[in-house]
Each structure stands twice: as structure tokens, then as C-alpha cells.
There are 2 protein chains.
Amino acid sequence: MSREPEPAVSDPSLSCCTPLTGTAMSADQAERIVPLLKALADPVRLRLVSLIAAGKGGEACVCDLNDAFDLTQATISHHLKVLHTAGLLDREKRGVWVYYAVRPDALRSVATLFDTAALTPA
Amino acid sequence: MSREPEPAVSDPSLSCCTPLTGTAMSADQAERIVPLLKALADPVRLRLVSLIAAGKGGEACVCDLNDAFDLTQATISHHLKVLHTAGLLDREKRGVWVYYAVRPDALRSVATLFDTAALTPA
DNA sequence: GGTAGACATCGACACTCGTCGATGCCTTCG
DNA sequence: CGAAGGCATCGACGAGTGTCGATGTCTACC
């Protein structure tokens, strides 16, 4: 049987506004969202984002983040880089210290994905 | 050895109601949510969930899912098992065919995580 | 200038993951 | 009963991932 015609990806610029339910997502849409999910699909990175988001102004210093885990500074730095590369965190250097801040738009992209899904009645 | 191959489905209700922002999440909370995110952090699996959720009654037959990908039947079966083990999909056999259905509560757990996050003002 | 501290990068290791072909199990039908 | 088809499982392979110690880079301060 032939595949359904692609329902015209409306917004190729961003991976936003992709309902998980409703209509099936295209392969392109999946490829765009997956890097965000991959970055968050790690207990350390998920806690890092949570810690940063819970910090003042939605940001946190690396020096404080290191103390929150029983991991090497190199490992924390690696995870922060992964989150930054995925577009979930912003990086800003202030003197000796480096501050990471959450990117609300990135989180919103993921939220939109599951937002529609959650509305599905049981 | 155990005869019933029914995998130990993680209980999504336990990982519910975990805001990403607000207060930092505990290590336990992260460990509970991460399996769901890991299961969804794959383009094939994300599309599988999307396809199933978009199907009639939020379910789909494996025979139809196989045709939607350029992958071996064994690979699709593997991905479905991962999603089922994570608690994201229900499995039901009807005669020769097997139907998978989304578990709205599992999706809601993930949605709740990012729901609060998306509400964070800029 | 020299030194100390904060963070990033490098190289290496064990481990996990995605994919495949082959095979097994189960249901249906002739 | 035997054959056929749908789906799961097995074993194996390459690729990717998380973690570490060691090292590099930059800033601030004495």
C-alpha cells in the first residue's frame, strides 16, 4: 500500500508546533525534534536543566553545578556542552565564571510536542 | 525462567507531576522520567508513537507500521518493544495481528514536565 | 611576571544502542 | 495435518555515549 502524502510541513524553520497526536509527523519533523530529546534523555543533563531553570533568572554558574553531582568537572562540562550544542542552554562568560541559562523557546518546542498529546482523553 | 514474557512496564504515574522549572528536581525524579525520554529520543520511535497516536482510537497494527519505514520488520519490532517496555505503548494481540496503542497517562507525564517549563516568562 | 583557580578539551575506556539476517513461535486456512 | 504468514527473539556487528584523568586556556590577583 502507498504511503500517505506528507501533510505539508508548515514550519521548517523551527521544530515548534508539532503535535504528537492528531496527524502523524513527518520524518523531517522527527529528525528536528529528536536532538532536543536526546540531549534531555540523560539523568544528569535533565537535572542540570532543572537546576539551571530553577536558578535565579533561569541561569546558574558552573561552579555551583559541579557541586550538585558526584561527577568530575570534566563530565559536567561535557554535559553542559551537549545541552548547549542542542540549543537548550545559552552560555555566557563573566570574568572567571561561566553562566548557563535555559532557552525557553527550546523547551517550548518540546512542550508543544507533548502538549497536544496530553490533551488526549483517557 | 519466567514463562510470561510480559516486560516490566515502568509505572508512569510515579513520574508524574514533575515540573522542570520552579524547583530543582531530585535525582530520583530524573531517573524515573529519563526512561520515557530515552524511549522517545529516537526518530523512528518518535514517528512510531506519532503514527500510532494518529491512528483510529490511538492505536495501529504492526503490519501497517512496518510499511511506513525502510527498516526490517525485526527492527520495527525492537523499537515497539522498547516503547512498550518504557510504558508508552500498550500491546494487544487480535488473531494474527498485533495492535499497539498509546498510553495517554505516560505521555501526560512527559507533558507535565515541559508544560511548566514552557510557561516560564522570558 | 608568576601563580592559583575556573572551565574546556583531549584521548581512552567500557558500555549501550540501532540495525540486520536468521530463526522460532503462534494463528489461520486449505 | 501441513503450509503460510505475522510477529518476536537471538546473535552479531558497527557506531555512538558517559565517564575519567590529564592537559590546555584564560582570567584575576599577588
Side-chain angles (χ1 to χ4, degrees), chain A residues 1 27 30-31 33-49 51-52 55 59-86 88-101, chain B residues 1-10 27 30-31 34-49 51-52 55 59-86 88-101:
Chain A
M1 78 186 232
E31 299 284 354
I33 275 282
V34 158
L36 294 179
L37 293 176
K38 267 205 173 85
L40 292 168
D42 180 276
V44 175
R45 289 198 289 267
L46 192 59
R47 287 184 61 200
L48 277 172
V49 172
L51 282 170
I52 295 171
E59 66 175 17
C61 174
V62 176
C63 53
D64 292 332
L65 297 175
N66 280 331
D67 299 339
F69 299 86
D70 274 339
L71 293 171
T72 308
Q73 174 264 329
T75 300
I76 299 297
S77 184
H78 162 69
H79 284 307
L80 288 171
K81 181 179 183 180
V82 171
L83 289 167
H84 180 231
T85 304
L88 284 162
L89 295 182
D90 271 334
R91 183 180 181 278
E92 187 185 355
K93 188 165 185 176
R94 300 183 197 161
V96 191
W97 293 280
V98 173
Y99 284 77
Y100 281 91
Chain B
M1 60 182 66
S2 57
R3 292 202 61 258
E4 186 49 50
E6 199 69 22
V9 178
S10 63
E31 298 284 354
V34 158
L36 295 179
L37 293 177
K38 267 205 174 89
L40 291 167
D42 179 276
V44 176
R45 288 198 289 268
L46 192 60
R47 286 184 61 200
L48 277 172
V49 172
L51 282 171
I52 295 172
E59 66 174 19
C61 175
V62 176
C63 54
D64 291 333
L65 297 175
N66 280 329
D67 299 339
F69 299 87
D70 275 340
L71 293 171
T72 308
Q73 173 262 327
T75 300
I76 299 298
S77 185
H78 162 70
H79 284 306
L80 289 171
K81 181 179 181 179
V82 171
L83 290 167
H84 178 229
T85 303
L88 284 162
L89 294 182
D90 270 334
R91 183 180 181 276
E92 185 184 357
K93 187 167 187 176
R94 300 181 196 163
V96 190
W97 293 279
V98 172
Y99 284 77
Y100 281 90

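Below, chain A is the first sequence line, B the second, and so on; all start at residue 1. Predicted model, so just to flag it, every value in this text is computed and none were measured.
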### Task
Report the nucleotide, chosen from C:dA8, C:dT27, D:dG21, that has the shortest atom-to-atom distance to any side-chain atom of A:T72.
D:dG21
### Task
Test B:R47 against A:E31 for salt bridge (charged side-chain N to carboxylate O under 4.0 Å, His left out), laying out the working first.
CA-CA 10 Å; B:R47 286 184 61 200; A:E31 299 284 354; over 6 Å; no
#### Entry: Atom pair distance, as rounded to whole Å: CH2 in A:W97 and P in C:dC7
8 Å
### Message
From C-beta outward on B:R91, which listed nucleotide comes closest to its side chain: D:dC7, C:dA8, C:dC20?
### Response
D:dC7
### Query
In whole Å, what is the span from the CG atom of A:L40 to the C1' atom of D:dT17?
16 Å
#### Entry: Heavy-atom check, side chain of B:L88 versus side chain of B:L36, under 4.5 Å
yes
### Query
Near B:D70 CG, under 6.0 Å, is it more than 12 heavy atoms from other residues, nucleotides or ligands?
no
### Task
Look at A:R94 and D:dT27 and indicate whether a side-chain polar atom (N or O) is within less than 4.0 Å of OP1 or OP2.
no
### Query
What nucleotide among C:dC7, D:dC26, D:dA8 has an atom nearest to a side-chain atom of B:Q73?
D:dA8
### Query
Relative to the 5' end of DNA chain D, which residue comes earlier, B:C61 or A:V44, by the nucleotide with the nearest heavy atom?
B:C61
### Task
Send over the distance from B:H84 NE2 to D:dT9 C1', rounded to a whole Å.
16 Å
### Message
Between A:D42 and B:T75, which residue's closest nucleotide on DNA chain D lies nearer the 5′ terminus?
### Response
B:T75
### Task
Using a heavy-atom cut-off of under 4.0 Å over every strand shown, decide if A:L71 touches base, sugar-phosphate, or nothing.
sugar-phosphate
### Side chain of B:K81 (C-beta onward), nearest among C:dC20, C:dA8, D:dT9
D:dT9
### Query
Does B:R91 make a cation-pi contact with B:Y99, if we ask for NZ or CZ under 6.0 Å from the ring centre and within 45° of the axis?
no
### Task
Using a 4.5 Å cut-off on heavy atoms from C-beta on, say whether the side chain of A:Y100 contacts that of A:D90.
no
### Query
Counting just side-chain N and O atoms, does B:R45 come under 4.0 Å of either OP1 or OP2 of C:dG18?
yes
### Query
Rounded to the Å, how far apart are A:L80 CG and C:dT9 C1'?
14 Å
### Message
Does a side-chain N or O of B:Y99 approach OP1 or OP2 of D:dC7 to a distance below 4.0 Å, or not?
### Response
no
### Task
Indicate whether OP1 or OP2 belonging to D:dT17 is found under 4.0 Å from a side-chain N or O atom of A:H78.
no
